[in-house]
Number of protein chains: 2
Amino acid sequence: MADSPSPSGSPDSPLADADLLRLDHQVCFSLHAASRAFGAVYRDALKDLGLTYPQYLVMLVLWEDGPLPVKSIGERLRLDSGTLSPLLKRLEAAGLVRRVRSAEDERSVGVHLTDAGAALRERALPVPRRMLAATGLELSELRTLRALLSRVTRTLDEA
Amino acid sequence: MADSPSPSGSPDSPLADADLLRLDHQVCFSLHAASRAFGAVYRDALKDLGLTYPQYLVMLVLWEDGPLPVKSIGERLRLDSGTLSPLLKRLEAAGLVRRVRSAEDERSVGVHLTDAGAALRERALPVPRRMLAATGLELSELRTLRALLSRVTRTLDEA
DNA sequence: CGGCAATGAGTTGTGTGCAACTTAGTTGTG
DNA sequence: CACAACTAAGTTGCACACAACTCATTGCCG
């Protein structure tokens with residue numbers, strides 16, 4: 001993963017196919033690898049709470065915005081029911097969440113925090129600081145990273 | 001995913017826990033989401049080749065550096081044998097790869113491209129350009145992104 | 001009103017990703 | 001040489017992630 005500068009001339013000149021190929025798979029692989037590296041550190045940080053990283057993301061959404069239908073959680077986290085249904089079932093089995101069929105629209109299921117689920121927030125508070133420290137990035141770099149990633153995701157989703 | 005600026009004052013001042021929490025999960029979630037968004041576009045681009053994205057990464061390594069033991073592939077892709085063994089078995093079943101037990105060290109298994117595996121490279125060549133275009137990023141931004149991600153991964157792996 | 005497309009959740013099947021373990025082969029040390 | 005420590009692959013079990021599907025409910029349109 002060393003920084004191998006392109007062999008082809010000046011900074012932003014048109015690149016040869018071979019260089020493009022290398023840059024592409026460096027970027028995509030870096031993304032893939034970074035995502036999994038984060039996962040590993042989160043796994044460790046969340047071990048005591050009994051949460052996986054995707055479960056933690058769902059809890060974050062619920063801690064911030066109270067009871068939500070499965071659909072809305074899926075929109076925020078970019079996840080479909082095929083992923084969320086079993087995940088929420090596990091959170092319910094762990095006693096952190098309740099699922100309530102909506103009265104107005106019986107297709108919809110609202111996800112509510114239990115007392116235990118709400119209480120877990122306190123124990124989760126130190127996690128972000130620990131994660132940010134583990135990245136070793138400056139705040140400005142984090143913001144750059146977030147902005148680039150958000151933009152890429154938006155663009156890719158349109159295609 | 002809107003850019004919600006921190007409510008707490010100046011650019012890089014110490015942030016409150018609540019802001020940190022938000023920034024943390026914005027960064028980590030962005031990474032997670034971007035990785036999956038890439039996966040979706042790759043899935044489409046690789047459909048015709050009959051490869052998944054992780055399988056494509058393995059093929060890229062083999063196309064670049066010829067026959068390699070499973071161990072080396074794992075080091076480059078940051079994957080362990082638990083992931084690689086079944087993946088390689090599928091590539092072998094697809095006729096793209098052969099696994100050969102090493103004679104010098106019988107613990108080691110070398111992964112070799114078959115003729116079909118080597119030939120597949122031609123059909124994979126247009127994929128990177130298509131992916132880079134789909135990101136909508138400038139070359140300089142791609143380089144920034146790659147550099148940041150590589151650094152974060154390295155730092156996280158040390159922890 | 002009746003029927004039919006659209007919607008929300010859930011299920012099934014495949015493919016990662018990783019921890020924990022097993023198996024077989026190798027190396028270092030007394 | 002013997003034997004413990006180590007190493008490379010593979011296996012097992014669990015939890016995503018997503019495509020493709022089912023099922024029930026809702027909304028719309030003639």
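Naming convention: chains lettered A, B, ... in sequence-line order (proteins, then strands); numbering from 1 in each chain. What you see is a predicted model, and the numbers here were worked out from it, not measured in a lab.
Look at CD1 on Ile73(A): it is 17 Å from C1' on dA17(D), rounded to the nearest Å. Distance CD (Glu92(A)) to P (dG10(C)): 9 Å, rounded to an integer number of Å. Between the CE atom of Met59(A) and the P atom of dC16(D) there is a distance of 13 Å, rounded to whole Å. To the nearest angstrom, P of dA9(C) lies 8 Å from CZ of Arg101(A). One can place CG of Leu91(A) at 12 Å from C1' of dA15(D), the figure rounded to the nearest angstrom. Taking atom CG on Leu87(A) and atom P on dC18(D), their separation rounds to 12 Å, with Å as the unit. Spacing between atom CD of Glu104(A) and atom C1' of dG8(C) amounts to 14 Å, rounded to whole angstrom units. Taking atom CZ on Phe38(A) and atom C1' on dC16(D), their separation rounds to 19 Å, with Å as the unit.
If Leu88(A) and Thr52(B) are placed on DNA chain C by their nearest nucleotide, the residue sitting closer to the 5' end is Leu88(A). Where Asp105(B) and His32(B) each meet DNA chain D at their nearest nucleotide, the meeting point lying more 5' is that of Asp105(B). For the pair Lys89(B) and Arg90(A), nearest-nucleotide mapping onto DNA chain D gives the more 5' position to Lys89(B). Heavy-atom distances to DNA chain C give each of Ser72(A) and Ala37(A) a nearest nucleotide, and the one nearer the 5′ end belongs to Ser72(A).
Looking at heavy-atom distances under 4.0 Å, Leu84(A) makes no contact with the nucleic acid at all. Residue Glu75(B) is out of contact with every strand shown, counting any heavy-atom pair closer than 4.0 Å. Within the nucleic acid shown, Pro86(B) has no heavy atom closer than 4.0 Å to any nucleic acid atom.
Of all nucleotides listed (dG8(C), dC18(C), dA15(D)), dG8(C) comes nearest to the side chain of Arg107(A). For Glu106(A), the listed nucleotide lying nearest its side chain is dT25(D); candidates were dT16(C), dT25(D), dA9(D). Which of dC18(C), dA15(D), dG8(C) sits closest to the side chain of Lys71(A) comes down to dG8(C). Distance from the side chain of Val109(B) is smallest to dA9(D) among dA9(D), dC18(D), dC18(C). When distances run from any side-chain atom of Ser85(A) to the nucleotides dT11(C), dC18(C), dG8(C), the shortest one goes to dT11(C).
Contact of Ser81(A) with dG10(C) (side chain to base): a donor-acceptor pair of N or O atoms is detected under 3.5 Å.
Within the structure, a side-chain polar atom (N or O) of Arg78(A) is placed less than 4.0 Å from OP1 or OP2 of dC18(D). Here Ser108(B) reaches the OP1 or OP2 of dA9(D): one of its side-chain N or O atoms lies under 4.0 Å away. OP1 or OP2 of dG10(D) has at least one side-chain nitrogen or oxygen of Arg99(B) nearer than 4.0 Å. Side-chain nitrogen and oxygen atoms of Arg43(A) include none within less than 4.0 Å of the OP1 or OP2 phosphate oxygen of dG17(C).
Contact check on Asp157(A) versus Arg154(A) returns no salt bridge, with no Lys/Arg side-chain nitrogen under 4.0 Å from an Asp/Glu carboxylate oxygen.
Aromatic ring orientation, Tyr42(B) versus Tyr56(B): tilted (interplanar angle from 30° to 60°).
Across all strands shown, the partner of dG30(C) is dC1(D), judged by Watson-Crick or G-U wobble contacts whose two distances both fall under 3.5 Å.
The closest side-chain heavy-atom distance from Leu113(B) to Arg121(B) is not below 4.5 Å. By the 4.5 Å heavy-atom criterion applied to side chains, Asp44(A) and Arg130(A) are counted as neighbours. Here the side chains of Leu79(B) and Ile73(B) are not in contact, with every heavy-atom distance at 4.5 Å or above.
Taken together through direct or relayed side-chain contacts under 4.5 Å among Ile, Leu, Val, Met, Phe, Trp and Tyr, Met131(B) and Leu125(B) form part of one hydrophobic cluster.
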